[in-house]
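What follows is a single structure, written as C-alpha cells, with notes after it.
Proteins get letters first, then strands, A, B, ... in listed order; numbering begins at 1 in each.
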2 protein chains.
Amino acid sequence: MAKKMKYVYSFGGGKAEGRTDMKNLLGGKGANLAEMANLGLPVPPGFTITTDVCTYFMTHDAKYPPALKGEVEAAVKKMESVIGINYGDPKDPLLVSCRSGARQSMPGMMETVLNIGLTTKTIPGLIKKTGDERFVYDAYRRLITMYSDVVMEKAAGIEPEHDRGIRKQLEKLMNKKKKEVGAKSDVDLSAADLKDLCEQYKKKVKQALGKPFPDDAMDQLWGGIGAVFQSWNGKRAVDYRVIEGIPHEWGTATNVQCMVFGNMGDTSATGVAFTRNPATGVDEFYGEWLPNAQGEDVVAGIRTPNPLNEDTRPDGTHHLPSLETAMPSVYKQLVGIRNKLESHYHDMQDIEFTIQDGRLWMLQTRTGKRNGPAAVRMAVDMVKQKGWKIRKEEAIARVRPDQLDELLHPIIDPDAEKKVKPIAKGLPAGPGGASGQIVFSADDAVACAEKGRKVILVREETNPEDVTGMRAAEAILTARGGMTSHAALVARGWGKCCVVGAGDISVEGKSMIVAGKTYKEGTMITLNGTKGFVYEGKLPTISGANDKYFADFMKMCDQIRKLGVRTNADTPEDARKALEFGAEGIGLFRTEHMFYGEGSEKPLFALRKMILSSTEDERRKALKELYPHVKKDIKATLDAMNGKPVTVRLLDPPLHEFVPDSTEERQKLCKAIGISMKEFKARASVLHETNPMMGHRGVRLGVTYPEVSEMQVRAILEAAAELRKSKKTPLPEIMIPVLGEAKEFANQKEIIDRVAEEVRKKHKMKASQLPFLVGTMIEIPRACLKAAEIADMAEFFSFGTNDLTQMTFGYSRDDVGGFVAEYIEKGILPSDPFNILDQTGVGEMVQIGIERGRSARPKLKVGICGEHGGEPSSVEFCHRVGMNYVSCSPYRVPIARLAAAQAVVKEKM
Amino acid sequence: MAKKMKYVYSFGGGKAEGRTDMKNLLGGKGANLAEMANLGLPVPPGFTITTDVCTYFMTHDAKYPPALKGEVEAAVKKMESVIGINYGDPKDPLLVSCRSGARQSMPGMMETVLNIGLTTKTIPGLIKKTGDERFVYDAYRRLITMYSDVVMEKAAGIEPEHDRGIRKQLEKLMNKKKKEVGAKSDVDLSAADLKDLCEQYKKKVKQALGKPFPDDAMDQLWGGIGAVFQSWNGKRAVDYRVIEGIPHEWGTATNVQCMVFGNMGDTSATGVAFTRNPATGVDEFYGEWLPNAQGEDVVAGIRTPNPLNEDTRPDGTHHLPSLETAMPSVYKQLVGIRNKLESHYHDMQDIEFTIQDGRLWMLQTRTGKRNGPAAVRMAVDMVKQKGWKIRKEEAIARVRPDQLDELLHPIIDPDAEKKVKPIAKGLPAGPGGASGQIVFSADDAVACAEKGRKVILVREETNPEDVTGMRAAEAILTARGGMTSHAALVARGWGKCCVVGAGDISVEGKSMIVAGKTYKEGTMITLNGTKGFVYEGKLPTISGANDKYFADFMKMCDQIRKLGVRTNADTPEDARKALEFGAEGIGLFRTEHMFYGEGSEKPLFALRKMILSSTEDERRKALKELYPHVKKDIKATLDAMNGKPVTVRLLDPPLHEFVPDSTEERQKLCKAIGISMKEFKARASVLHETNPMMGHRGVRLGVTYPEVSEMQVRAILEAAAELRKSKKTPLPEIMIPVLGEAKEFANQKEIIDRVAEEVRKKHKMKASQLPFLVGTMIEIPRACLKAAEIADMAEFFSFGTNDLTQMTFGYSRDDVGGFVAEYIEKGILPSDPFNILDQTGVGEMVQIGIERGRSARPKLKVGICGEHGGEPSSVEFCHRVGMNYVSCSPYRVPIARLAAAQAVVKEKM
C-alpha cells in the first residue's frame, strides 16, 4: 500500500523541490535551504536525503531503500549542472559537504563531513584551478581527519581503547611534524609539510582501522551520507533527545551541498550580517566581513572584522574597508537579498554569506537574535511597515517577556561581563546589574547611602528589620534563601537588583568569605541579578531604553490580552509606581508591610504591644493605638488607586515575626506594657514556632483574635467610607488569608458583616453606597479541595501560589536552597517551582480550586497573587485555566501584560 | 389522597399499639415504652401522640388535626381502664406526665410536665388515698411551678424581662416562706406551709401572666401536650438540632403516661439495675434501690443506696437490706423481668423501676453502658450464650475500640478522679493514668528512676535527646506540641501515659508554674493521659484485665476483618511487643530512631560525623563507621519478624536534628572530625532550617547524598542475605520517604538496583533468593497527584498521613497547639486532624493517590503508617478506600484489629 516515495529533494539555481513547510521530511536545515533557493537566492546547490531514509536505515540494518542510489546519482547530476563543474572531475572537481539536519535543531549532536570529493585524482586539478597547493592539502588533511574519525571509526562502530581514537593518533602525527619543522601553529606548515602529512595520515588510517582511506569520490560521498544517518543513534544524540524529549523515531535528514570557499584569495570573502541592528532595532543593514577568510574566522575574533557598510561603521574602524566600498557590486547584490529576505520573512534575519572568486553565495538565513530594546522597537516598527502584513499578535509573539526586564533595569554591559569570571553564583532574584561597596548591616547601608556611597548589602539572609537598609542599598546579596525568600520578594517589589542563596558565600562578622578569600567591608563588587552572578570589582552598566516604543508596544499587548493585570503593592508609593507600569488594580495589599521600613516605628511599636498582650483587654488597647496608622495607610492606597480595585489581605504572618530581637527594644516594650523581662520572655516563647510557615498565622489569627480582624476590617471600611464622602471611588476587596476550611470563612464573614453594618450606620450609608467584596486567598491544598463550600460564601479567590507550592511540594521556600539547585541539575525538577509554576502538580490543585469554586459560584472572580503572577509561562497557565487576572510586583507588570497577550496569541495558534 | 391517619398509640396492660420499629412516628421514648409493654412488662399505662401531630401543629399555627381530640379522649379511657383509677376522679385521681420524645435523643432540650391532673377537686381525694398531705401539696407546688413556666409562659411565647420569669418569681416566694418559718431546705416545710405556698403561687401566676392557673384536669392535660410540641421549636432545641444535624421537619412525639410514686411509704421504693455487672461483665444481676424514695434520690447520692441482692452486695453495706430480702416477691418478679429483657434484647440492659405500694412498675430499659473489660467479656460470653443467636459481627460492634485501651494500660480509679479537679488540661497523647514526682530534665528522670523513684518528666517540649529520660519516667507532660509531637509519638509507641500541649503550664528552670502557683521538683502529680488532665497529688490507679476474654475477643475480630494490621516499630523490642499484640508485620521501621535512646552513643556519634562532613569522602568514611550499627539493628528486627514483612524507611528527618546542642558534645565531635569550633558552627549553620518540616529531608537527602541511601540499602539487603543463609525468611520492603515527584523515585531506584546486584553477587544469590520490595511513602500532596507515574515504578504505597495532614492543612504538628483547641471549641474543626483523619480533605488526597496509583498498577499494595492507622474512624476509612493494611504503634494494634473488624460489620449494615 506504500505509495511511491521520493527520497531525494534537490535545491539550487533559484529553485528547489522542497519547501519550508516540509521540515518533518527534510529537517530544519534542508527545508531552510529549499526555502532560500525558492526565493531565488544564490544558494550553493545540493540535495537533501529525507528523514524517511534515516528511519529505513535504522530499521533495515544500515541498508538504504533500493531506489535511493538512482535518486542520489540524479541529484548529483542536477547539482553539477547548476554549479557548472562536476563531482570527481580530475580537471575542475566539485567538492561537497554532508551535514545532518533533524526536524528540531540538535546543535553539535550529530556529524558533519566537509571537503568530500578530494582524491589523488582530483587534487591536481584543484591545485591547478586555485593555484594554491597549500590550501588544497590543508583541505585534504581535514577531510582525512574528519572522515576517518566520523565515517570509518564512529559510524562503523569501532570502539578504540581509552584515548586511542584515530583522531588522537592523527593529531600526534601533526604535532610531531610541527616539532620537526619548528612550526608554532598549523598555519606555519607549508604545502610540502601538509602533503607529507597527508601521506602519513593515510598510512596510519590503514594501519589503525584495517582499511585504506577511500580514494574514490563516490565512495567518499556514500560514506559521508551513511555516517550522518548513523550519528542519529550516537550516544550524544540519543542522550540529548532523552533530555529534550525528541522522539527517536523522527530521524535526521542528510544534506549534501557544494562546498564554496571564501579563502581563495582577495576576490573571496566571508561575512555575517543582520538585516536590522540587533542591539537597537534600527532599520539599518548591519554586519561584518573578512576578505580571504573562512566563516569561522569572522566569529573567532582573531582578526578584527571589517564593517559591512559606511552607515554602520563603528568607531575605531576607519582603517578597515567596508564591503560597500571594497566590493560594491557584491554589496549591492547583498542589499537586494537583505530586502528580499525581510519582505519575505517579515522579520529581522541573521545571514551568513561567502564570496568565492567574486561570486556571492548565501549559506544561511535565520531569524536573528536581538536584545530587549531592539525586540520591542522592531515589533512596533514592523507592524507599521508599509506593505508588510504583520498582525499585532505576530509582533507581540516575537518579544520574549524577560526581554522587557532589559528596558526596566540597568544591566551589566555584556561586553565587559564576557571578560570576567563570577566569584560566586546564586539565584537571580532581582533582575538588572549593580555595583557597590559591600556592607553587612542595614544600619551601615543607611549610613553609607546618606554619605552618598553606593553599597551592596550582604547578609546571611534578610528579615523585616533589614528593610530600610535594603532600600538604601544599590543591590542585595544573601547567602541563603530561595526565589521567594524575604530578600527576593522585597527586592523584586522595588525593582532592585538582588542575588539570593549564593551558597558559596559565608558571612562572618564584617567579612564575606568566598572560596577561602576574605572580602572586607568596603570592597567593591558587582551583581548580575538577571543571571545570579557575583563579580569582584566594578563592571560598567548600561541602561535599557524606556521610550515611546515601549509604550506603543505595551498598548498593543493591552489590546490583545484578556487577563487583567494587577500589582502586589504594600504602600501608596508602590501603588503609584505600578500604575505607571499599567497595573489595573492591586491584587495584594499586605497590611502588615506597613510595619517595615521608614517611619514605621510608631505603628510597629503598637503592633508589638498588641502581639505581646496576654488578655483581650490589653490587646484591644494596643489595637486602638494601631488603628489610625492602619487606616491612614489603607486610605492613601485606596485613594491612589481611585476607581481601581484594591485587594487588602488581612494579617497573614505568624506574630512572633514581629517580636524584637534587640535587648533595648525589648526593654522599651516591657516598660510600655508594664511587664517584667521574665514575663516578656515567657510571652515571646509562647509565640515561638518550629515551622512558622505552617503555624498560627493568617485566618487562624483572625479566628483566635477576632478583635484583630475587626480592627483591620474597620480600618478598611472607614477609609472607604471617608473617601466616598469626598466623592472618590474606593473599591476595596477584603481578603482572608491561609484559609483551609469554609467554616473559617464563615467565622470571619460574621465579623466583617457586623463591622460593615456599624460603619454604614455611623456614616448613614446604604449598602449600595459602600460597595466592597469579601473573598479569600487559596493557598492551602485543602482549600482547593473545599473550594465549592468556600465559594458558596466567598466573592473572589486569589491563588497564593507561593504557599500553595510550599504545601503541595512540602518545600519551605526559605530552605529549598539546600537541594533545589541539585534537583534541577539532576533533571528531577525542570526549574525552581517557586519561580515557574509547577503546572501539572501545583497547577492541578489550582484547577481543582477553580472548577469546584465555579461549580458553586459560576461568576467567581479568580486571580493569582503569588510571585508566579509575573512569570510568563505561569501567566499563560493562568490565562488557560480561566483566571480573571494576575497580580505581580510593580516591575513585573509589563512582563505580565506581554505574557497575557502572548497567551491569547498562543491559544489561537 | 391522604389515608386515614392514626394520631394516638396506647400502651400498657401487657400490650401496645406501637412497636419498637416505629421510632420515626412515636419517637425513641414512645417506641421503647410500646416495646416494653408488648413484652408484657408492667409499664405504667399511657399513650403516645405521634410526630405527625407535631408537624401538623407547627405548620397549622399551633392547631391540632380535628381527629386528635377524640383519639386522646379514647386513649385516656384506655389508660384508666388498665390502671384501674380515673383521670380527674375526685375520689381516687389518676395523675399523668407529659414528656417529649424525638426520633433521636435530645437530652434536656425539650420540656416535661409532671403531676398533671392535680386540681382543687382532686387534691382531697389524693390526700385521703395516700394519707400524706405534705406529699400532695409538694406535688401540687411542683406542678404549678413547672406548668406556669413551661405551658403558660414559654409555650405561650411570653418573654419576661431579664430575670423576671415566673419560675424566678415563684422561687422568691418559696425563699420568703422558708425565711418566715426558719426552714433550711424545702424538706423542712410542713404540709401547711406548702399548702399556703400553693395559694400564693396561684395568685402570683394570675397576677404575672394575666391568667389563672387552670383548675380543670383536661385543660391541664391539653396544656401539657401543647407545651411539649411547642418546645420542639424552642431556642435550645433548635440550636441543638443545628449542631447535631437533626432535621427540623422530624418533630417530636408527646408521651402521656400515668404517674407512679416510689415515695408513698415503706411499701414503695425505687431503683436502678444492670442485667449484668457493668464493671466486670460478670453475668450477675447488679443494682441499687431505696425504700420510700423517688428516682432521683438513688442517683443523687444523698442517701447510700441499698444493694439489690445478696450475691452482689458490696463491702461495707451489711447494715443495708437488699431488695431480695426486703421485698422477696417483688425481687423475684424483677429477676424474671431481667431474664426476659436479656433474652429479648440479647444485650445487657440498664433498667429503672418503681414500686408503688408493693406493685412493681418498669419505667425504662435501655442498653447499659459498660467499661472496657466488661464490654469485652460480655461480647465473648454472649456469642457463646445458649439459646441466643448473637453473631460475632454484632458482638464486635458492641465494644468501642477506645475501650480496649482500658485493658492495655492502668487507668486512674474513676471514683477517686471524680472527687478532684484538674489543675491543667492538655491533649490526651498517651492513654492511661500515672503518678510520680515531677522532674525537669531527662538526666534527672534517669537518675531518679535508678534510685527507684517514680517520676513524671515535665518539659516545654521534648526532643530526641530526651528519649532516655522519657523511657525512665512513668509519664510525660509537655507544655507545647500536638497529638503527633515528638513526645506524643514516642510515648504512644511505648504505651506510656502522656499529656502534651498543656498550654496553661509554663516551665522555668526546675519549676512548673500553673495559674500563678509554683510546683517545684519532686512535687507529686497524676496524669490522666486518656483525657489529658493533670492533677496535683497521687491518685490511685487500677489496672485493666488482660485476660483470656481479651484473647478470645481479638480472635473474633481477626476472623472478620479484611484489613491487615501492622505495627510501627523502631527496635527489635518494639517488634516483639507488637507481635504479642497481634501485629502481622512492620509497616514502618524508622532507621533513624536507632540513634535515640540507650546504647546509642556510638552510632549517634558516627551519624553526627556523617552529617557534619563537608565532602563526599568525609561522609563516606563516617558512613562506613555507621554501617555495622545500622545493619545489626535491621537484622535483629527482620529476624524478630521472621516471615512477616518489614517496611524499612530510609533516612527521613532533616539532618540538623542530630547536631548536638551541648558544648562538650560539640568539642568531642570537632576533635573526631578534626575541625575547629568555628568551622563546626559554620557547617551546623548551613544545616539550620526555618521550616525543617518542609526542608532538606527524606528522599531529598537521598538524592543529594546518594551515598547515604546506598549505605542504608546495603545494610538492609546484607542483613536479609545473611538471614537467608541461616534459613530465615526476612521480607524487607524498602520505603522511600517524602516523595513528591516520580523522578526522585527513579533516582533512588537506580541506587537500590545497583546495590542489590552487588549484594547478590557477593552472596552468589539469584534475585528470587533475595526477595524484597521497593515502594514509597505518600505524604506530600503532590505525590498523591503524581501517583500514577510513581506507581509505574513503586511496588507499594504507604500513606504517611501525619505529614499529609500537615501539608494539606498547612498545619505544623508542632505548632497547632496555638489554635487547634480553639478551632474545635468554635466548631471550625470537628476534631484534631492529627488525631482523627480529616476524611473529606486529607482523605480525598489519599483517595486520589490510591485511584491514580492503582490505575497504573492495579495490584499496588497500599497501607497507612501515620498515627491515624490506630484511630478507629480512620481505620474504617482505610478499609473503605481499599487499603491493604494499616500500621500503628504496638499498643494500638488491638484497637486497629477491632476497628478493622467493625469496618466490615458496618459495611454489611
*Any chance you could measure E460(A), atom CD, to H688(B), atom NE2, to the nearest 0.5 Å?*
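E460(A) CD to H688(B) NE2: 10.0 Å, rounded to 0.5 Å.
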_Rounded distance [0.5 Å steps], OG1 in T690(A) versus CZ in R813(B)_ =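 Interatomic distance, T690(A) OG1 to R813(B) CZ, rounded to 0.5 Å: 9.5 Å.
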*In residues 776-789 of chain A, which residues are in contact with chain B at a heavy-atom separation under 4.5 Å?*
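Residues in range: I780(A), P781(A), R782(A), L785(A), K786(A).
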_So does S812(A) get a backbone contact from the side chain of N691(B), meaning a donor-acceptor N/O pair under 3.5 Å?_
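Not a single qualifying donor-acceptor pair exists.
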When [options] are compared by non-hydrogen pairs under 4.5 Å with chain B, the top option:
| options | result |
| --- | --- |
| R700(A), E744(A), E822(A), M845(A) | R700(A) |
| G740(A), P654(A), G841(A), A742(A) | G841(A) |
| K826(A), E461(A), R480(A) | K826(A) |

Any side-chain heavy-atom pair from [X] and [Y] closer than 4.5 angstrom?
| X | Y | answer |
| --- | --- | --- |
| Y823(A) | K743(B) | no |
| M807(B) | M694(A) | yes |
| I828(A) | E741(B) | yes |

Just give me the residue among [options] that pairs up with chain A most often, heavy atom to heavy atom, under 4.5 Å.
| options | answer |
| --- | --- |
| T704(B), L687(B), V738(B), D815(B) | D815(B) |
| P692(B), G503(B), G695(B) | P692(B) |
| L701(B), V703(B), V842(B), N747(B) | V703(B) |

What donor-acceptor contacts under 3.5 angstrom involve side-chain atoms of residues 677-685 of chain B, with partners at least two apart or in another chain?
{"residue": "K678(B)", "atom": "NZ", "partner": "E508(A)", "partner atom": "OE1", "Å": "3.1"}
{"residue": "E679(B)", "atom": "OE2", "partner": "R683(B)", "partner atom": "NE", "Å": "2.8"}
{"residue": "E679(B)", "atom": "OE2", "partner": "R683(B)", "partner atom": "NH2", "Å": "3.4"}
{"residue": "R683(B)", "atom": "NH1", "partner": "L612(B)", "partner atom": "O", "Å": "2.7"}
{"residue": "R683(B)", "atom": "NH1", "partner": "E618(B)", "partner atom": "OE1", "Å": "3.2"}
{"residue": "R683(B)", "atom": "NH2", "partner": "S614(B)", "partner atom": "OG", "Å": "3.1"}
{"residue": "S685(B)", "atom": "OG", "partner": "A682(B)", "partner atom": "O", "Å": "3.3"}

*Could you tell me which portion of V507(A) (side chain, backbone, both or neither) has an atom closer than 4.5 angstrom to a non-hydrogen atom of chain B?*
neither
Name the region of [X], side chain, backbone, both or neither, that has any atom closer than 4.5 Å to a heavy atom of chain A.
| X | result |
| --- | --- |
| S506(B) | neither |
| V816(B) | neither |
| R697(B) | neither |
| E689(B) | both |
| D803(B) | neither |

*Please determine if R852(A) and E844(B) form a salt bridge, counting it only when a charged side-chain N lies under 4.0 Å from a carboxylate O.*
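The answer is yes: the pair qualifies as a salt bridge.
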*Among all residues two or more places apart in sequence or in another chain, which pass the salt bridge (Lys or Arg N to Asp or Glu O under 4.0 Å) test with E710(A)?*
R620(A), R714(A), R754(A)
*Residues two or more places apart in sequence or in another chain: which of them pass ring-ring contact (aromatic ring centres under 6.0 Å, His included) with Y811(B)?*
F809(B), F819(B)
